[in-house]
Engineer: 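Structure below; questions to follow.
Values below: all heavy atoms of this structure, side chains included; hydrogens, waters and symmetry mates excluded.
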Amino acid sequence: MTAKIRNIGIEVAAPEGECTDPYCPFHGTLSVRGQIIEGTVDTVKMNKTVIVRRDYYKFDQKYERYEKRTARIAAHAAPCLGLKAGDSVKIMECRPISKTVSYAVIEKRSE
C-alpha cells in the first residue's frame, strides 16, 4: 500500500520512502512556511532531528571585507528522507516542534 504524498506548495522532489510521522511535511499534517535555507547535514545523533550547517559570508563595513560565518540550525527530519551526515538538504520554516526545532527538512538534494 502506498501512502498518499501531500502537496506542500513548494516545487521540491517528493521522498521515495514512506513514514507515519505526524510531523512529516509530506505524509503528516505539518505545514511549512517562510524562508527556505540550503545547507549540509552536520549531525544525525538525535531522534528525528538533524543539525544543518549553513555557511555564508557577511560584509564587514569597517574593514571592507567579507568574513565567513556558520549557522547551525536544528531541523526535524522525517524518517522517509533517510538522511545521513554530509547530505545536502533544503529546510523550511514551520511551527515550533520543540524548544529548539522550528524548521523541517523538505528535500534531500542529490549532487
Engineer: Return the CD to CD1 distance between Glu16 and Ile5, rounded to the nearest 0.5 Å.
Structural biologist: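 The CD1 atom of Ile5 is 9.0 Å from CD of Glu16, to the nearest 0.5 Å.
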Engineer: Is there a side chain to side chain contact (heavy atoms under 4.5 Å, CB included) between Met46 and Ile51? Walk through the geometry before answering.
Structural biologist: CA-CA 9 Å; Met46 292 177 274; Ile51 301 294; 3.7 Å; yes
Engineer: Just by modelled atom types, is the Lys48 backbone N or O under 3.5 Å from a matching donor or acceptor in the His76 side chain?
Structural biologist: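 Looks like yes, one N/O pair under 3.5 Å.
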Engineer: For Tyr63, look at atom OH and say whether over 12 heavy atoms of other residues, nucleotides or ligands are found less than 6.0 Å away.
Structural biologist: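 Counting neighbours around OH of Tyr63, 12 or fewer heavy atoms of other residues, nucleotides or ligands fall under 6.0 Å, so no.
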Engineer: Looking at every heavy atom in both Cys24 and Cys80, which two are closest together, and how far apart are they?
Structural biologist: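 Heavy atoms only, the tightest pair is SG-SG, 3.8 Å.
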Engineer: Is there a side-chain contact between Glu107 and Met92, using heavy atoms and a 4.5 Å cut-off?
Structural biologist: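 Side chain of Glu107 against side chain of Met92, heavy atoms only: no contact under 4.5 Å found.
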Engineer: Would you find more than 12 non-hydrogen atoms of other residues, nucleotides or ligands less than 6.0 Å from Tyr56 atom OH?
Structural biologist: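 Yes, OH of Tyr56 has more than 12 neighbouring heavy atoms, counting only those of other groups under 6.0 Å.
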Engineer: Under a 4.5 Å side-chain heavy-atom rule over Ile, Leu, Val, Met, Phe, Trp and Tyr, are Tyr23 and Val101 clustered together?
Structural biologist: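 Yes, Tyr23 connects to Val101 through the hydrophobic network.
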Engineer: Leu30 and Ala104: which non-hydrogen atoms are nearest, and at how many Å?
Structural biologist: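 Closest heavy-atom pair between Leu30 and Ala104: CD2-CB, 3.9 Å.
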Engineer: Would you compute the distance between atom CG of Asp21 and atom OG1 of Thr29 and round it to the nearest 0.5 angstrom?
Structural biologist: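 So the gap between those two atoms works out to 9.5 Å.
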Engineer: Check Phe26 against Ala14 and note the closest heavy-atom contact, atom names and distance.
Structural biologist: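 What the structure gives for the nearest pair is CE2-CA, 4.4 Å.
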Engineer: Which atoms form the tightest heavy-atom contact between Pro25 and Ile8, and what is the distance?
Structural biologist: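 Looks like O-CG2, 3.1 Å.
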Engineer: A side-chain contact here means heavy atoms from C-beta on lying under 4.5 Å apart; do Lys68 and Asp55 qualify?
Structural biologist: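 No, too far: nothing below the 4.5 Å cut-off.
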Engineer: For a quick test of reading the model, state the closest non-hydrogen atom pair linking Arg109 to Glu38 and the distance between them.
Structural biologist: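 For Arg109 versus Glu38, the nearest heavy atoms are NH1-OE2, 3.3 Å.
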Engineer: Side chain to side chain contact (heavy atoms under 4.5 Å, CB included) for Val12 and Ile36? Distances and angles first, verdict last.
Structural biologist: CA-CA 11 Å; Val12 294; Ile36 299 173; over 6 Å; no
Engineer: If you define the side chain from C-beta out and look only at heavy atoms, does anything of Thr49 sit under 4.5 Å from Thr100?
Structural biologist: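 SC-SC contact between Thr49 and Thr100 ruled out.
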Engineer: Share the residues that join Val50 in a hydrophobic cluster, the rule being Ile, Leu, Val, Met, Phe, Trp or Tyr side chains under 4.5 Å apart at the heavy-atom level.
Structural biologist: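 Joined to Val50, directly or through intermediates: Ile37, Val41, Val44, Val52, Ile73, Leu81, Leu83, Val89, Ile91, Tyr103, Val105.
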Engineer: What are the two closest non-hydrogen atoms of Val32 and Cys94, and how far apart are they?
Structural biologist: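 The pair with the smallest heavy-atom distance is CG1-CB, 4.3 Å.
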Engineer: Test Arg65 against Glu67 for salt bridge (Lys or Arg N to Asp or Glu O under 4.0 Å), laying out the working first.
Structural biologist: CA-CA 7 Å; Arg65 286 173 173 78; Glu67 62 182 6; over 6 Å; no
Engineer: Going by ring pair (Phe, Tyr, Trp, His ring centres under 6.0 Å), name the residues that satisfy it together with Tyr57, two or more places apart in sequence or in a different chain.
Structural biologist: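 Tyr57 satisfies ring pair (Phe, Tyr, Trp, His ring centres under 6.0 Å) with no other residue.
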